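Remember, predicted model here, so these are calculated numbers, not experimental data. Quick note on labels: first sequence line is chain A, next is B, and so on, each numbered from 1. The figures that follow rest on heavy atoms only: side chains count, while hydrogens, waters and symmetry mates do not.
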Amino acid sequence: SQKIEQNSEALNIQEGKTATLTCNYTNYSPAYLQWYRQDPGRGPVFLLLIRENEKEKRKERLKVTFDTTLKQSLFHITASQPADSATYLCALKGGSGGYNKLIFGAGTRLAVHP
Amino acid sequence: SAVISQKPSRDICQRGTSLTIQCQVDSQVTMMFWYRQQPGQSLTLIATANQGSEATYESGFVIDKFPISRPNLTFSTLTVSNMSPEDSSIYLCSGQGEIASTDTQYFGPGTRLTVL
(Lines give C-alpha, C1' and ligand atoms only; values in the text may rest on other atoms or scores of the structure.)
Protein backbone atom coordinates (compact mmCIF):
# COMPACT_ATOMS: atom_id res chain seq x y z
CA SER A 1 0.00 0.00 0.00
CA GLN A 2 1.03 3.61 -0.45
CA LYS A 3 3.13 4.96 2.36
CA ILE A 4 4.57 8.37 3.18
CA GLU A 5 7.24 8.56 5.85
CA GLN A 6 8.38 11.62 7.72
CA ASN A 7 10.66 11.58 10.71
CA SER A 8 8.36 11.26 13.71
CA GLU A 9 10.98 12.59 16.09
CA ALA A 10 11.11 16.33 16.59
CA LEU A 11 13.96 18.19 14.94
CA ASN A 12 15.69 20.63 17.27
CA ILE A 13 18.07 23.19 15.81
CA GLN A 14 19.70 26.46 16.75
CA GLU A 15 18.48 29.72 15.35
CA GLY A 16 20.34 30.68 12.18
CA LYS A 17 21.06 27.10 11.11
CA THR A 18 19.47 25.31 8.19
CA ALA A 19 16.68 22.87 9.01
CA THR A 20 16.31 19.89 6.68
CA LEU A 21 13.21 17.74 6.79
CA THR A 22 12.78 14.48 4.88
CA CYS A 23 9.79 12.91 3.16
CA ASN A 24 10.07 9.41 1.73
CA TYR A 25 7.34 7.53 -0.06
CA THR A 26 6.77 4.01 -1.37
CA ASN A 27 4.34 2.32 -3.75
CA TYR A 28 3.40 5.65 -5.24
CA SER A 29 4.18 7.73 -8.31
CA PRO A 30 2.85 11.19 -7.50
CA ALA A 31 2.37 13.90 -10.07
CA TYR A 32 3.43 16.46 -7.51
CA LEU A 33 4.34 16.97 -3.91
CA GLN A 34 3.38 19.74 -1.52
CA TRP A 35 4.74 20.94 1.80
CA TYR A 36 2.52 22.47 4.46
CA ARG A 37 3.11 24.11 7.81
CA GLN A 38 0.75 23.40 10.68
CA ASP A 39 0.70 25.22 13.99
CA PRO A 40 -1.06 23.70 17.02
CA GLY A 41 -4.83 23.99 16.75
CA ARG A 42 -4.71 25.42 13.23
CA GLY A 43 -5.28 24.08 9.73
CA PRO A 44 -2.32 23.35 7.43
CA VAL A 45 -0.91 26.31 5.53
CA PHE A 46 0.39 25.71 2.01
CA LEU A 47 4.10 26.48 1.51
CA LEU A 48 5.45 25.00 -1.71
CA LEU A 49 4.45 22.69 -4.54
CA ILE A 50 6.94 20.82 -6.72
CA ARG A 51 6.04 18.74 -9.75
CA GLU A 52 7.47 15.38 -10.78
CA ASN A 53 9.47 16.95 -13.59
CA GLU A 54 11.06 19.57 -11.31
CA LYS A 55 14.20 18.93 -9.27
CA GLU A 56 14.14 21.96 -7.02
CA LYS A 57 11.89 24.85 -6.01
CA ARG A 58 12.69 27.89 -3.91
CA LYS A 59 10.64 30.50 -2.11
CA GLU A 60 12.42 33.02 0.06
CA ARG A 61 14.18 30.97 2.80
CA LEU A 62 12.53 27.73 1.73
CA LYS A 63 13.86 25.15 -0.69
CA VAL A 64 12.32 21.87 -1.75
CA THR A 65 13.93 19.08 -3.76
CA PHE A 66 12.12 16.17 -5.37
CA ASP A 67 13.94 12.99 -6.42
CA THR A 68 11.50 10.60 -8.08
CA THR A 69 14.21 7.93 -8.39
CA LEU A 70 14.92 7.91 -4.67
CA LYS A 71 11.22 8.62 -3.97
CA GLN A 72 12.25 11.37 -1.64
CA SER A 73 11.72 15.06 -1.04
CA LEU A 74 13.88 17.28 1.14
CA PHE A 75 12.55 20.51 2.65
CA HIS A 76 15.09 23.10 3.75
CA ILE A 77 14.61 26.24 5.83
CA THR A 78 17.72 28.41 5.76
CA ALA A 79 18.59 30.95 8.45
CA SER A 80 15.95 29.39 10.66
CA GLN A 81 14.11 31.49 13.25
CA PRO A 82 12.13 30.55 16.37
CA ALA A 83 9.00 31.61 14.43
CA ASP A 84 9.65 28.70 12.07
CA SER A 85 8.84 26.27 14.89
CA ALA A 86 5.85 24.21 13.76
CA THR A 87 4.92 20.84 12.32
CA TYR A 88 5.72 20.42 8.63
CA LEU A 89 3.63 18.07 6.55
CA CYS A 90 4.55 16.45 3.28
CA ALA A 91 1.66 15.60 0.95
CA LEU A 92 1.55 13.79 -2.37
CA LYS A 93 -1.02 14.08 -5.10
CA GLY A 94 -1.85 12.56 -8.42
CA GLY A 95 -0.31 9.68 -10.31
CA SER A 96 -1.21 6.19 -9.14
CA GLY A 97 -2.93 7.49 -6.01
CA GLY A 98 -5.69 9.25 -7.84
CA TYR A 99 -5.33 12.63 -9.43
CA ASN A 100 -7.34 14.66 -6.95
CA LYS A 101 -6.39 12.96 -3.71
CA LEU A 102 -3.87 14.65 -1.45
CA ILE A 103 -2.26 12.07 0.82
CA PHE A 104 -0.41 13.34 3.88
CA GLY A 105 2.55 12.16 5.88
CA ALA A 106 2.37 12.31 9.66
CA GLY A 107 4.56 15.41 9.78
CA THR A 108 7.78 16.38 11.50
CA ARG A 109 7.83 18.85 14.35
CA LEU A 110 10.55 21.48 14.08
CA ALA A 111 11.73 23.43 17.11
CA VAL A 112 14.13 26.34 16.51
CA HIS A 113 15.88 27.48 19.67
CA PRO A 114 17.24 31.00 20.19
CA SER B 1 -4.88 32.22 -2.50
CA ALA B 2 -8.29 31.07 -1.29
CA VAL B 3 -9.41 31.93 2.23
CA ILE B 4 -11.49 29.23 3.86
CA SER B 5 -13.59 29.68 6.99
CA GLN B 6 -15.34 27.06 9.09
CA LYS B 7 -18.14 27.21 11.62
CA PRO B 8 -18.17 26.33 14.45
CA SER B 9 -14.52 26.53 15.41
CA ARG B 10 -15.14 24.08 18.22
CA ASP B 11 -17.98 22.26 19.94
CA ILE B 12 -18.64 19.83 22.73
CA CYS B 13 -21.47 17.42 21.96
CA GLN B 14 -23.30 14.61 23.65
CA ARG B 15 -23.14 11.05 22.44
CA GLY B 16 -25.89 10.18 19.95
CA THR B 17 -26.38 13.72 18.66
CA SER B 18 -25.33 15.19 15.30
CA LEU B 19 -23.26 18.24 14.39
CA THR B 20 -23.15 20.07 11.07
CA ILE B 21 -19.95 21.89 10.17
CA GLN B 22 -20.05 24.65 7.59
CA CYS B 23 -17.24 25.56 5.18
CA GLN B 24 -17.16 28.78 3.19
CA VAL B 25 -14.54 29.67 0.55
CA ASP B 26 -14.03 33.28 -0.52
CA SER B 27 -13.64 32.32 -4.18
CA GLN B 28 -14.89 29.60 -6.49
CA VAL B 29 -13.00 26.34 -6.21
CA THR B 30 -13.25 23.27 -8.38
CA MET B 31 -12.82 20.72 -5.63
CA MET B 32 -13.71 20.69 -1.95
CA PHE B 33 -12.62 18.06 0.53
CA TRP B 34 -13.24 17.08 4.13
CA TYR B 35 -10.46 15.70 6.32
CA ARG B 36 -10.22 14.43 9.86
CA GLN B 37 -7.17 14.83 12.08
CA GLN B 38 -6.84 12.93 15.32
CA PRO B 39 -4.63 14.56 17.98
CA GLY B 40 -0.96 14.23 17.08
CA GLN B 41 -1.72 12.45 13.83
CA SER B 42 -1.85 13.32 10.19
CA LEU B 43 -4.83 14.23 8.06
CA THR B 44 -7.16 11.52 6.78
CA LEU B 45 -9.39 12.23 3.80
CA ILE B 46 -13.05 11.59 4.56
CA ALA B 47 -14.61 12.50 1.23
CA THR B 48 -14.61 14.75 -1.80
CA ALA B 49 -17.60 17.09 -1.86
CA ASN B 50 -19.08 17.22 -5.36
CA GLN B 51 -21.23 20.13 -6.42
CA GLY B 52 -24.78 19.08 -7.07
CA SER B 53 -24.19 15.37 -6.56
CA GLU B 54 -23.34 12.85 -3.90
CA ALA B 55 -19.95 13.08 -2.25
CA THR B 56 -17.23 10.54 -3.00
CA TYR B 57 -16.25 8.76 0.22
CA GLU B 58 -12.94 7.16 1.11
CA SER B 59 -12.64 3.67 2.45
CA GLY B 60 -13.90 3.51 6.02
CA PHE B 61 -16.25 6.47 5.72
CA VAL B 62 -19.94 6.22 4.76
CA ILE B 63 -22.63 8.66 3.81
CA ASP B 64 -24.97 7.70 6.65
CA LYS B 65 -22.35 8.67 9.20
CA PHE B 66 -20.88 11.69 7.39
CA PRO B 67 -23.46 13.21 5.06
CA ILE B 68 -21.99 16.02 2.95
CA SER B 69 -23.63 18.73 0.93
CA ARG B 70 -22.16 21.10 -1.65
CA PRO B 71 -24.83 23.30 -3.16
CA ASN B 72 -22.43 25.62 -5.00
CA LEU B 73 -18.76 26.27 -5.78
CA THR B 74 -17.99 28.10 -2.54
CA PHE B 75 -19.89 26.29 0.24
CA SER B 76 -20.06 22.81 1.76
CA THR B 77 -21.31 21.17 4.94
CA LEU B 78 -20.23 18.02 6.75
CA THR B 79 -22.51 16.41 9.31
CA VAL B 80 -21.15 14.03 11.90
CA SER B 81 -24.14 11.85 12.76
CA ASN B 82 -24.99 9.78 15.81
CA MET B 83 -21.73 10.82 17.43
CA SER B 84 -19.63 8.70 19.75
CA PRO B 85 -16.47 9.64 21.68
CA GLU B 86 -14.43 8.05 18.85
CA ASP B 87 -15.59 10.90 16.61
CA SER B 88 -13.71 13.42 18.73
CA SER B 89 -11.27 14.98 16.32
CA ILE B 90 -10.45 18.05 14.29
CA TYR B 91 -12.42 18.26 11.06
CA LEU B 92 -10.86 20.26 8.24
CA CYS B 93 -12.36 21.61 5.06
CA SER B 94 -10.14 22.09 2.02
CA GLY B 95 -10.54 23.72 -1.37
CA GLN B 96 -8.55 23.31 -4.55
CA GLY B 97 -8.59 24.66 -8.06
CA GLU B 98 -9.37 28.34 -7.83
CA ILE B 99 -9.25 30.14 -11.11
CA ALA B 100 -5.57 31.14 -10.88
CA SER B 101 -4.17 27.85 -9.67
CA THR B 102 -5.57 24.40 -10.22
CA ASP B 103 -3.12 22.44 -8.08
CA THR B 104 -2.71 24.13 -4.71
CA GLN B 105 -5.00 22.92 -1.96
CA TYR B 106 -5.94 25.30 0.85
CA PHE B 107 -7.33 24.47 4.26
CA GLY B 108 -9.70 26.02 6.71
CA PRO B 109 -8.78 26.51 10.37
CA GLY B 110 -10.58 23.33 11.42
CA THR B 111 -13.44 22.47 13.77
CA ARG B 112 -12.41 20.86 17.04
CA LEU B 113 -15.10 18.39 18.07
CA THR B 114 -15.29 16.75 21.48
CA VAL B 115 -17.92 14.07 22.06
CA LEU B 116 -18.78 13.19 25.64
Would the number of heavy atoms belonging to other residues, nucleotides or ligands and lying under 6.0 Å from [atom1] of [X] be above 12?
{"X": "A/Glu60", "atom1": "CD", "answer": "no"}
{"X": "A/Arg109", "atom1": "CZ", "answer": "no"}
{"X": "A/Arg37", "atom1": "CZ", "answer": "yes"}

A/Ala106 to B/Ser42 - nearest heavy-atom pair and separation: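 Looking at all heavy atoms of both residues, the shortest contact is CA-CB, 3.4 Å.
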
Contact summary for A/Gly43 and B/Leu92, nearest pair of heavy atoms: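 In terms of heavy atoms, the two residues are closest at CA-CD2, 3.7 Å.
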
Pairwise distance CD(B/Gln37) to CG(A/Leu89) - rounded to 0.5 angstrom: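 B/Gln37 CD to A/Leu89 CG: 7.0 Å, rounded to 0.5 Å.
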
Atom pair NZ/CD of A/Lys93 and B/Gln96 - distance to nearest 0.5 Å: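 Rounded to the nearest 0.5 Å, the NZ-CD separation comes out at 3.0 Å.
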
Are [X] and [Y] grouped together when hydrophobic residues (ILVMFWY) are joined by side-chain heavy atoms under 4.5 angstrom apart?
{"X": "B/Tyr57", "Y": "B/Tyr35", "result": "no"}
{"X": "B/Ile21", "Y": "B/Leu45", "result": "no"}
{"X": "A/Leu47", "Y": "A/Ile103", "result": "yes"}
{"X": "B/Met31", "Y": "B/Phe61", "result": "no"}

Region of B/Leu43 that comes under 4.5 Å of a non-hydrogen atom in chain A: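 Contact with chain A involves both backbone and side-chain atoms of B/Leu43.
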
Interface moiety of A/Gln6 toward chain B, non-hydrogen atoms closer than 4.5 Å: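 For A/Gln6, neither part sits under 4.5 Å from chain B.
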
Chain A interface, residue from B/Arg10, B/Glu58, B/Gln6 that has the most non-hydrogen pairs under 4.5 Å: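 The answer is B/Glu58.
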
Ring centers of B/Phe107, A/Phe104 separated by less than 6.0 Å: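 That pair passes the under 6.0 Å test.
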
Heavy-atom pairs under 4.5 Å with chain B, option from A/Gly105, A/Pro40, A/Pro44 with the top count: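 Top option by heavy-atom pairs under 4.5 Å: A/Pro44.
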
